[in-house]
Amino acid sequence: MATQDDAAKTTKAAKPATLKDDAPFHGAVMNVERADFEELVPEGRAPVQGMEGFDPCYSDIVDYIVRCTHKIWDERDVGLIYTHYTHNIVLYLPTTTIYNREDVVRDTIQRLVSLPERRGMATHVVWNGDDKDGFYTSHLVTGSGRYTQNGHYGPANGRPFVSRTIADCMIHRNKIYREWVVSDQMAVIKQLGVDPHPYAEKIASARLSQGFKTLDIGEVGLMLGQYQPSAEADLSIANNDIERETLSWLHDVFNRKMFGRIRDVYAPTAMFHGPLMKELYGTTSVMHQTLGLVGSMPDAVYMPQHICSTPCNEGGVKVAVRWVMEGHHLGYGILESLGAPTGKHLKLLGMSHYHYKDGKIVDEWTVYDELSLLVQIKLAQLADQQSAVAVAG
């Protein structure tokens, strides 16, 4: 069995630090934003925070998540998964869940086969925790490449793509034991020229053959009976004032439908970096995206699952929120691939990073996968057809 010492041997031998005065970090935990890649994986850097149980090549938790992600995905050292994931890892994806390390290895290899030129660049990392109780990281990656190998997207056509992914990891003593990954697959397949409808139906058909069906539970928790949504947000997962403030306005906007709150919390010059690689500017654009998402699922409840924050070397603070929206496809909005309202039950896993400066949000990065919603609708429709055939028979 591989050990952590074995894993350490796969890294380059430590050399004297080449970064004078540890620039640009000066002995602090890394920030990704202004650093070149080689500054994010320095050799021989002394640990700057407690890293008990971690491989000695890692000087802090940001170094860990950036370096091991790069080695696994870009340097193709897929075998590091054996020493960086627990055997019973639970990996949550928008269309499926993986429950063991061997399947993580297999899934990684398949993705690398289909997109052999893909490169994932760390955009930023928001984190909290320590080496005693465990770390939590929220890692935004901007990926780019070309489709040059026949694979699960169909015949290769050499087309380029750019997409965003956010991976949230729970880590203890060098091993990830729970992970949530949201990759904007709809952005990828549209850039590759793949028709999302037959692609989504193929995924849905495979899920149906495995016995999975969409479960419509009726009311989804936004309201109880005829009562209005709760006036106050649940702040129990927050760790500080800015996280409590974030949860509060998110509840007001998404659950209480007080969309005007967006003008209060976003700077007039705010930038919105959204799904399908949207790059938008100003509070009006943010409001339109929010209305468009809620419009597709007007009865949805917005449920934050985790929140953390870290100071940013650009000034201010970055806040990461992992969330779920659950409702029904009852209206029209920005989810154009879903078409006319179907009434089908939907669950959307998403992640957002917010950059606050001088008390206002100046940048938002949000990632969710519209393809996962289309798969859910196709799955529900296939299940309806199956039930109709059974009744007719």
Side-chain angles (χ1 to χ4, degrees), residues 1-75 77-89 91 101 104 120 122-141 166-181 239-240 306 308-313 317-318 320:
M1 180 181 293
T3 67
Q4 290 180 8
D5 289 339
D6 294 331
K9 293 175 184 176
T10 67
T11 64
K12 296 177 181 178
K15 301 176 183 177
T18 57
L19 301 180
K20 184 178 180 181
D21 192 27
D22 191 31
F25 309 112
H26 306 296
V29 175
M30 295 177 180
N31 267 202
V32 171
E33 291 81 1
R34 294 179 175 178
D36 189 59
F37 176 74
E38 290 186 357
E39 295 169 333
L40 295 172
V41 290
E43 297 179 16
R45 184 177 188 244
V48 298
Q49 70 180 147
M51 296 292 287
E52 182 179 344
F54 284 78
D55 288 349
C57 59
Y58 302 124
S59 60
D60 62 44
I61 192 58
V62 176
D63 181 5
Y64 169 88
I65 201 66
V66 171
R67 188 190 299 258
C68 75
T69 300
H70 172 78
K71 289 187 73 62
I72 290 169
W73 286 95
D74 290 352
E75 295 187 10
D77 287 337
V78 178
L80 287 182
I81 290 172
Y82 291 111
T83 55
H84 286 66
Y85 283 75
T86 60
H87 73 286
N88 57 352
I89 170 70
L91 171 55
R101 183 169 55 203
V104 173
T123 305
H124 43 249
V125 178
V126 183
W127 64 275
N128 64 8
D130 56 42
D131 60 344
K132 300 298 186 292
D133 297 325
F135 289 103
Y136 188 102
T137 62
S138 187
H139 181 197
L140 173 62
V141 175
I166 299 182
D168 280 21
C169 294
M170 298 178 73
I171 309 155
H172 189 245
R173 296 182 66 84
N174 209 70
K175 285 188 170 62
I176 297 166
Y177 61 96
R178 292 184 78 185
E179 182 175 11
W180 295 258
V181 176
N239 305 287
N240 53 48
H306 187 273
C308 60
S309 57
T310 51
C312 175
N313 58 14
V317 175
K318 283 201 167 92

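In this text the structure is predicted, and so the values were computed from the model without any measurement.
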Indicate the atoms forming the closest heavy-atom contact of I72 with V78, along with that distance.
O-CG2, 4.0 Å

Please check if the side chain of R101 supplies one atom and the backbone of Y85 the other of a donor-acceptor pair under 3.5 Å.
yes

Starting at CZ of R173, measure out to OG1 of T86 and round the result to the nearest 0.5 Å.
14.0 Å

Taking every heavy atom of D55 against every heavy atom of N174, the minimum-distance pair comes out as N-OD1, 2.9 Å

What pair of heavy atoms forms the shortest contact from C308 to N128, and how long is it?
CB-ND2, 3.4 Å

Among H172, H84, H70, the one residue meeting ring-ring contact (aromatic ring centres under 6.0 Å, His included) with Y64:
H84

List the steps, then state whether side-chain contact (heavy atoms from CB on, under 4.5 Å) holds for D63 with Q49.
CA-CA 11 Å; D63 181 5; Q49 70 180 147; over 6 Å; no

So V32 and L40, side-chain contact (heavy atoms from CB on, under 4.5 Å) or not? Walk me through it.
CA-CA 7 Å; V32 171; L40 295 172; 4.1 Å; yes

D60: partners by salt bridge (Lys or Arg N to Asp or Glu O under 4.0 Å), with sequence neighbours left out
R45

Quick check: does any side chain N or O of E33 sit under 3.5 Å from a backbone N or O of N313, one acting as donor and the other as acceptor?
no

Residues D168 and S138: closest non-hydrogen pair is OD1-OG, 2.7 Å

State, with a plain yes or no, whether a side-chain heavy atom of I171 is found less than 4.5 Å away from one of I65.
yes

Residues two or more places apart in sequence or in another chain: which of them pass side-chain contact (heavy atoms from CB on, under 4.5 Å) with V41?
F37, R67

Yes or no on side-chain contact (heavy atoms from CB on, under 4.5 Å) for W180 and M170, after CA distance, side-chain angles and deciding distance?
CA-CA 9 Å; W180 295 258; M170 298 178 73; 3.6 Å; yes

Criterion side-chain contact (heavy atoms from CB on, under 4.5 Å) on M51 and F135, from CA distance to verdict
CA-CA 10 Å; M51 296 292 287; F135 289 103; 4.2 Å; yes

Under the criterion side chain to side chain contact (heavy atoms under 4.5 Å, CB included), which of T69, V181, I166 is the partner of H139?
T69

Minimum heavy-atom separation for S309 and V317, please, with both atom names.
CB-CG1, 3.9 Å

Calculate, to the nearest 0.5 Å, the distance between atoms NE2 and CZ belonging to H124 and R34 respectively.
14.5 Å

How close do C68 and Y58 get, counting heavy atoms only, and between which atoms?
CB-OH, 3.5 Å

